Structures are given as C-alpha cells and as structure tokens.
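Before any comments, here is the structure.
Atoms within a ligand are numbered from 1 in the order they appear, just like the ligands themselves. Given the structure is predicted, the values throughout are model-derived calculations rather than measurements.
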Amino acid sequence: MRIDIVSLFPEFVAQCAAFGVVGRAVERGLLSVHGFNPRDYAEGNYRRVDDRPFGGGPGMVMLIDPLRASLRAAREAAPGPARVVYMSPQGAPLTQAKVRELAGRERLILLCGRYEGIDERLIRAEVDEEISIGDYVLSGGELAAAVIVDAVARLREGVLGDAESAVQDSFEDGLLDCPHYTRPVEHDLGTVPEVLMSGNHAEIAKWRRMQSLGRTWQRRPDLLDEAALSKADRKLLEAYRAALEA
Ligand SMILES: CN1CCN(c2ccccc2CNc2ccc(C(N)=O)cn2)CC1
C-alpha cells in the first residue's frame with residue numbers, strides 16, 4: 001500500500017510511520033509513505049501557498065494551484081488510482097468500518113489543510129471524501145492524517161503478527177475491549193480475576209465477551225444495539241448487570 005501525504009509539514013506525518021508496527025511494516029515493504037509539500041510547487045519568488053480570504057475575515061486560505069500541483073505530482077509518482085482524502089472538521093466521522101474500507105485500497109492521498117482551510121474549488125475538483133477524526137479543531141490536518149496512516153496500516157495483511165492480532169481489537173466487533181491483566185497475580189493494586197487463571201478457555205472467552213458487552217453498555221451505550229445482540233450476548237449482558245446489583 002502506498003500513502004502520499006500532501007502537507008506543508010510532510011516530515012511530521014512521515015515520522016508517524018517510523019515507529020512500532022507501522023515502522024516495521026514500512027521496513028518490510030508492506031507500506032510506503034511519501035510526502036509532497038505544496039511549497040515545492042508554488043510559483044514566484046515568495047512561493048506563496050496561501051492568501052487572504054475573499055469576503056474578509058481572519059486568517060488565510062490555502063491556494064488552489066500549489067495544492068493541485070502537489071496532488072498531480074503524488075498521483076504521477078506511482079501507478080494506479082488513488083483515493084484522495086481530505087481531513088477536516090467538516091468531514092464524515094472516522095469509524096473502524098471506514099478505516100477497514102480505506103485499508104482495502106492500494107493507494108491513498110491524504111490532503112492536510114493548514115491556515116483556515118483550503119479553497120473550496122480545489123476540494124470539489126480533487127477530493128474524493130472528507131473525513132473528521134472527531135469534533136475538535138486542530139492547527140492542521142497532519143495529526144488527523146497520522147491517525148489514518150496508523151489505523152489503516154495495522155489492518156494490512158502481514159503487518160500485525162498473531163500476538164498483536166487486530167481481530168480481537170475493540171471496535172473490530174463494534175464493542176469496547178475487555179480489561180487486560182498480566183503478572184503479578186497478587187499486587188497491592190489488587191488481584192487478577194479468578195477465571196483468567198483457570199485455564200478454561202471457553203470460560204475465559206465468555207468472561208471477556210461479558211466484560212466487552214458490559215463495558216460498552218456502561219460507557220458507550222450509543223455503540224450497543226441491544227436488538228442486534230445474539231441470545232447468548234444478551235444473557236451475558238444480563239449476567240453483567242446482575243453482578244453489578246449483587
Ligand atoms: C484554526 N484552523 C486550523 C485549520 N482547520 C482546518 C480547516 C479545514 C481543514 C483542515 C483544517 C486543519 N485542522 C483540522 C483538521 C482535521 C480535524 C478533524 N477533526 O479531523 C480538525 N482540525 C480549521 C481551524
């Protein structure tokens with residue numbers, strides 16, 4: 001998979017692909033991340049990439065042509081169609097389902113806005129979809145792009161070993177994750193739930209599923225569509241609730 005980043009600070013995003021599982025994926029050639037800086041494609045001796053907004057108001061707006069030239073350079077840097085994604089507060093909320101869809105593509109171009117944003121005509125002509133990583137404002141789209149790089153990369157075949165498998169990830173099945181424990185069993189901060197020491201893998205799986213269901217119900221009821229739960233899941237959630245009242 002190739003991901004191109006159009007940004008005034010491309011090394012910022014490239015750094016996010018230099019560590020951990022994503023860094024290893026890049027080393028192994030499963031993924032490549034390349035930066036394109038609109039300033040390198042800006043005309044004139046001031047190499048302007050922004051200008052004042054028509055209609056007045058504070059701040060500056062990114063100019064069309066340096067961005068358009070950067071996007072063209074990114075497209076031409078490698079074969080094959082690329083999906084152009086613009087990270088902005090006006091985008092569709094990023095979900096794990098959307099991450100899975102983006103991870104299925106061979107090429108992405110992530111467009112990072114600075115200043116007050118980008119001339120709308122460039123967005124309409126070049127952007128395939130706008131995505132927001134949450135309802136808050138960042139000083140630039142680079143952190144949002146880094147989120148997409150990480151979330152997408154870890155779903156690519158071969159990136160995560162069995163040990164780190166994304167399959168049990170929370171949100172993979174639409175639920176929050178269960179609690180995790182490791183050594184020591186006895187600690188002044190408490191002990192480890194008995195079931196996890198039982199070696200009974202069916203019971204352990206049931207306990208973990210119950211915890212995921214219960215925590216989702218408690219913390220993110222918006223994620224829990226109780227109607228869509230299997231009978232077994234509904235029973236587990238009942239057991240979780242009953243244990244709270246006990
Ligand atoms: C002071 N201005 C800085 C630039 N910004 C802006 C405006 C338009 C596009 C990109 C940006 C870059 N910022 C982002 C980007 C994404 C997210 C997200 N939620 O995904 C939050 N912020 C508007 C505000």
*asked:* Assess, by modelled atom type and distance only, whether the side chains of Glu203 and Ser198 contain a donor and an acceptor separated by less than 3.5 Å.
replied: no
*Sub-4.0 Å atoms of ligand 1 with respect to non-hydrogen atoms of Gly113*: 12 (C)
*Is there a nitrogen or oxygen of Gly134 sitting under 3.5 Å from a nitrogen or oxygen of ligand 1?*
yes
_Interfacing atoms of ligand 1 (cut-off 4.0 Å, heavy-atom, Glu116)_ = 1 (C), 2 (N), 7 (C)
*What about Arg114: any of its N or O atoms under 3.5 Å from an N or O on ligand 1?*
no
*Looking at Gly141, which atoms of ligand 1 are within less than 4.0 Å of one of its heavy atoms?*
12 (C), 15 (C)
*What distance separates Cys112 SG from Leu67 CG, expressed to the nearest 0.5 Å?*
10.5 Å
*Top protein contact for atom 24 (C) of ligand 1, by heavy-atom distance*: Val137 CG1, 3.4 Å
*Check: Arg219 side chain, Leu176 main-chain N or O, donor-acceptor pair, under 3.5 Å*: no
*Pair Lys235 + Glu238: basic N to acidic O under 4.0 Å*: no
*Proximity of Tyr86 to ligand 1 by residue part, where a heavy atom lies under 4.0 Å*: side chain
*Does a side-chain N-to-carboxylate-O contact under 4.0 Å join Arg105 and Glu129?*
no
*asked:* Less than 4.0 angstrom from a charged side-chain N to a carboxylate O is my criterion; do Asp4 and Arg75 meet it?
replied: no
*Counting from 1, what ligand 1 atoms have a heavy atom of Met87 closer than 4.0 Å?*
9 (C), 10 (C), 15 (C), 16 (C)
